[in-house]
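For the numbers below, each heavy atom of this structure counts, side chains included, while hydrogens, waters and symmetry mates do not. Nothing fancy with the numbering, it's 1 onward along the sequence. Note that the structure is a prediction, hence the values are computed from the model and not measured.
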Amino acid sequence: MERTACCVEGGRVGGVRHRTADGATGELRAPLTVACDGRGSLARALPELGPEHFPCPMDAWWFRLPRHEDAPSGLVGALGDRFFTALIDRGDCPGLLGIGDAAHAMSPVGGIGINLAVQDAVAAARHLVRPLREGTVGLHDVRRVQRRRQPTTVATQGLQRLAHTQVFEPLLDGRTVFGNPRRAQRMTELVTESPWLNRIPAYFIAYGALRERPPAESLR
């Protein structure tokens with residue numbers, strides 16, 4: 001099925017219009033439409049949403065290449081003139097599609113876009129499972145999800161922008177990160193040699209600013 005447009009009536013989205021592979025068209029109606037189609041999301045084109053844009057010195061091009069027997073295994077990276085490359089050996093594992101970028105396109109810094117997508121999905125399930133089952137879902141339910149997830153998203157994008165200005169822009173321009181070599185060395189030593197500082201990035205990347213838990217209905 002190919003997506004074409006949202007069904008908007010009276011300022012409210014009531015589903016999507018679609019076109020199938022054989023050219024037939026139709027509509028899928030729903031009390032709540034969840035946009036989970038990435039940074040090119042159909043929902044991001046709705047003028048009512050008004051996405052905010054932030055400058056980013058880099059972006060990611062994802063593509064799949066055939067693997068040869070003599071290709072290196074594991075994760076291999078390289079830094080060149082105005083570009084980074086990363087070769088990820090996925091073996092026979094198929095790709096994974098998550099939600100998140102449809103609402104807040106993330107920079108590739110940290111590779112945590114999928115983390116936020118999963119956290120978004122868990123938070124949405126917890127707040128919406130009962131209203132959806134009872135047929136009472138409304139704008140106030142959706143706003144509860146927004147209020148829950150916005151702090152983590154804002155904090156993550158803020159840290160990414162800090163990494164852009166202090167690390168990646170200097171690297172891409174051939175300059176020293178954090179302004180001078182001595183400061184860069186002190187920052188590296190502080191993070192690597194402090195046990196409690198080591199835990200903070202790992203926890204934040206794994207769980208976000210607010211840890212999300214699935215709804216009780218989904219637990220065995």
Side-chain angles (χ1 to χ4, degrees), residues 1-54 56 58-69 71 83 85-108 111-146 148-150 153 157 212 214-215 217-218 220:
M1 182 178 71
E2 300 180 6
R3 57 188 175 86
T4 55
C6 289
C7 298
V8 181
E9 298 173 351
R12 183 181 184 279
V13 175
V16 293
R17 299 186 184 93
H18 64 84
R19 182 178 65 252
T20 59
D22 58 4
T25 60
E27 294 183 354
L28 288 176
R29 293 286 177 168
L32 178 67
T33 301
V34 179
C36 53
D37 45 348
R39 64 178 59 198
S41 173
L42 181 69
R44 295 178 68 85
L46 292 173
E48 294 86 354
L49 296 183
E52 295 184 44
H53 299 278
F54 301 99
C56 177
M58 60 183 295
D59 207 342
W61 289 352
W62 289 97
F63 51 91
R64 187 183 297 271
L65 295 174
R67 175 174 171 76
H68 301 285
E69 293 184 0
F83 73 88
T85 58
L87 175 65
I88 305 176
D89 175 19
R90 298 190 183 277
D92 297 326
C93 179
L96 174 66
L97 175 64
I99 67 171
D101 271 3
H104 41 72
M106 306 299 293
S107 161
I112 56 178
I114 185 62
N115 300 52
L116 267 75
V118 173
Q119 294 163 15
D120 289 351
V122 174
R126 188 176 72 255
H127 288 292
L128 299 176
V129 60
R130 290 186 180 178
L132 284 171
R133 285 180 173 177
E134 297 169 359
T136 61
V137 64
L139 183 60
H140 63 284
D141 298 302
V142 179
R143 283 178 173 166
R144 288 177 63 193
V145 180
Q146 180 184 11
R148 173 68 184 185
R149 294 303 303 156
Q150 192 166 6
T153 302
Q157 290 181 331
E212 302 296 349
E217 291 86 345
S218 68
R220 295 182 179 179

**Q** Of the non-hydrogen atoms in Glu212 and Gln119, which two are nearest, and what is the gap between them?
**A** CG-O, 3.7 Å
**Q** Looking at every heavy atom in both Val122 and Pro214, which two are closest together, and how far apart are they?
**A**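 Distance-wise, the nearest heavy atoms are CG1-N, 3.5 Å.
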**Q** Any idea which heavy atoms bring Cys7 and Val16 closest together, and the distance?
**A**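 Cys7 and Val16 have their closest heavy atoms at SG-C, 3.6 Å.
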**Q** Where do Arg17 and Cys6 come nearest, in terms of heavy atoms and distance?
**A** NH1-O, 3.1 Å
**Q** If you measure from CD on Gln150 to CZ on Arg143, what distance do you get to the nearest 0.5 Å?
**A** 12.0 Å
**Q** Which value, rounded to the nearest 0.5 Å, describes the distance between Arg12 atom CZ and Thr33 atom OG1?
**A**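 Rounded to the nearest 0.5 Å, the CZ-OG1 separation comes to 8.0 Å.
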**Q** Show your working on side-chain contact (heavy atoms from CB on, under 4.5 Å) between Arg130 and Thr136 and close with a plain yes or no.
**A** CA-CA 8 Å; Arg130 290 186 180 178; Thr136 61; over 6 Å; no
**Q** What pair of heavy atoms forms the shortest contact from Leu116 to Arg149, and how long is it?
**A**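 Distance-wise, the nearest heavy atoms are O-NH2, 3.9 Å.
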**Q** Drop me the distance from Asp141's CG to Leu132's CG, to the nearest 0.5 angstrom.
**A** 8.0 Å
